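What follows is a short report on a single structure.
From a predicted model like this one, the values you see are computed outputs, not experimental measurements. Values below: all heavy atoms of this structure, side chains included; hydrogens, waters and symmetry mates excluded. Chain naming here is simple, since letters A, B, ... match the order of the sequence lines and numbering starts at 1 in each.
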There are 2 protein chains.
Amino acid sequence: MPYKEREIEKQYFTIGEVAAQFNVAPSLIRFWETEFEELRPRKSKKGNRLYTPADVETFRTIYHLVKERGYTIPGARDILKQRGPQLKEKIDVIQSLEKVRGFLVQLKKEVEAAGKAAG
Amino acid sequence: MPYKEREIEKQYFTIGEVAAQFNVAPSLIRFWETEFEELRPRKSKKGNRLYTPADVETFRTIYHLVKERGYTIPGARDILKQRGPQLKEKIDVIQSLEKVRGFLVQLKKEVEAAGKAAG
DNA sequence: CTAACCCATGCCGTACAAAGAGCGTGAAAT
DNA sequence: ATTTCACGCTCTTTGTACGGCATGGGTTAG
């Protein structure tokens, strides 16, 4: 992996960074962690929470439901749970999208080849 | 006005009847009255609450939002304020869209994971 | 030496329930 | 045929348990 890519893509966020991003207290994030099993980030050797962008998205969803749409915590939990059981359908969609991706990659090659031929 | 129409037209329920119908305490209905201006029934000379079928339907909507969907009272209030043509359908659409949003967020994660795995 | 950790406790509002009092109907007593 | 009174339902006011975090103590790593 080239130097530039390593620099640009930041692997993990600290709890303080996530808290600042949403303008909430770290204690809120820790509390929600006890309430939502979907929000359990990796931890460092020391024990510090390591939030991936996906974790942040999970937090954003919870934040949206609880703080913006006015759900109780149990209500938000129910909605998050409902997303799980559709996993089979998700996999099907993923496979479809992977085929589409393969098609686009092939298409790109051909387009590039055509461009070169055209000079 | 003929007798029959009078009978049909003015059928009121007492707070006890409404409470029994939803299996809740009358105190809950009175409390929600202080929280939702949409739930302000007529009162008799004595001061007793007189619930029309329309009032009962209003209560049913609030009950659905708060007790079944898990909204906070302010959250339910916000939805009630948006008095559109088909409130019930609107709620269903919102539910559907939230599910779709959750699905897409989850899908994005998995697609990213698949993308990395595929190189 | 700041920022994170965990844990316990503190705390304030939300969301009701209970308490206490009044009215109206109906059965019993006058 | 009134009076009584008790019972059930209602009313308003006041109390309270829990939800939803915040704060402080004691530590530890970067």
Side-chain angles (χ1 to χ4, degrees), chain A residues 6-7 10-52 55-56 58-81, chain B residues 10-52 55-56 58-81:
Chain A
R6 261 187 322 201
E7 275 296 302
K10 187 168 186 179
Q11 291 285 46
Y12 297 112
F13 298 94
T14 68
I15 193 170
E17 288 168 343
V18 178
Q21 189 175 335
F22 289 89
N23 195 30
V24 299
S27 64
L28 172 64
I29 302 181
R30 291 197 197 94
F31 171 67
W32 280 2
E33 189 175 323
T34 70
E35 297 289 322
F36 298 94
E37 55 182 287
E38 294 84 357
L39 193 62
R40 303 272 162 86
R42 228 190 101 191
K43 292 190 179 183
S44 69
K45 300 172 220 169
K46 180 195 168 187
N48 284 16
R49 289 165 177 79
L50 304 173
Y51 294 90
T52 66
D55 291 328
V56 175
T58 299
F59 182 85
R60 186 189 308 284
T61 299
I62 297 172
Y63 184 90
H64 172 69
L65 291 173
V66 173
K67 294 298 185 184
E68 294 171 356
R69 289 216 60 86
Y71 277 93
T72 64
I73 287 178
R77 212 158 32 208
D78 288 348
I79 290 187
L80 285 184
K81 299 281 187 199
Chain B
K10 297 250 174 211
Q11 186 140 356
Y12 291 112
F13 298 94
T14 68
I15 194 170
E17 288 168 345
V18 179
Q21 189 175 334
F22 288 90
N23 196 31
V24 299
S27 62
L28 172 64
I29 303 182
R30 291 193 198 95
F31 170 66
W32 281 2
E33 188 176 325
T34 71
E35 298 290 322
F36 298 94
E37 57 182 284
E38 295 84 359
L39 193 62
R40 302 273 162 85
R42 227 192 105 190
K43 291 192 179 182
S44 70
K45 298 166 209 169
K46 184 191 162 190
N48 284 17
R49 290 163 176 80
L50 303 173
Y51 293 89
T52 66
D55 290 329
V56 176
T58 299
F59 181 84
R60 185 188 310 284
T61 300
I62 297 172
Y63 183 90
H64 177 249
L65 292 173
V66 173
K67 294 297 185 183
E68 294 172 355
R69 283 294 177 201
Y71 277 94
T72 64
I73 287 178
R77 207 151 42 201
D78 288 349
I79 291 187
L80 279 185
K81 296 285 187 192

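Residues passing the side-chain contact (heavy atoms from CB on, under 4.5 Å) test with F31(A), sequence neighbours excluded: T34(A), E35(A), I73(A). For T52(B), the side-chain contact (heavy atoms from CB on, under 4.5 Å) test picks out Y12(B), A54(B), D55(B), with sequence neighbours left out. Take R60(B) and apply the salt bridge (charged side-chain N to carboxylate O under 4.0 Å, His left out) test, not counting sequence neighbours, and it matches E57(B). E68(A) meets the side chain to side chain donor-acceptor pair (under 3.5 Å) test with H64(A); sequence neighbours excluded. Listed by chain and number, the residues in a ring pair (Phe, Tyr, Trp, His ring centres under 6.0 Å) with Y51(B) amount to none (sequence neighbours excluded). A search for side-chain contact (heavy atoms from CB on, under 4.5 Å) contacts involving S44(A) returns K46(A), N48(A), L50(A), not counting sequence neighbours. Here Y63(A) pairs with F22(A) under the ring pair (Phe, Tyr, Trp, His ring centres under 6.0 Å) rule; sequence neighbours left out.
Remark: R77(A) CZ to W32(A) CH2 distance equals 12.5 Å, nearest 0.5 Å.
Note on residues 17-33 of chain B: pairs passing salt bridge (Lys or Arg N to Asp or Glu O under 4.0 Å), not counting sequence neighbours, are E33(B)-R49(B).
With DNA chain D read from its 5' end, the first of the two nearest nucleotides for T14(B) and K67(A) is the one closest to T14(B).
You can see that DNA chain C meets the heavy atoms of chain A within a 4.0 Å-exclusive cut from dA3(C) to dC6(C), reading 5' to 3'. In summary, contact between chain B and DNA chain D, defined as any nucleotide atom under 4.0 Å from a heavy atom of the protein, begins and ends at dT10(D) to dT12(D) in the 5' to 3' direction.
Residues from residues 18-33 of chain B that place a heavy atom under 4.0 Å from any atom of DNA chain C, listed by number: A25(B), S27(B), L28(B), F31(B), W32(B). Within residues 39-50 of chain A, the residues approaching DNA chain D are K46(A), by heavy-atom distance under 4.0 Å.
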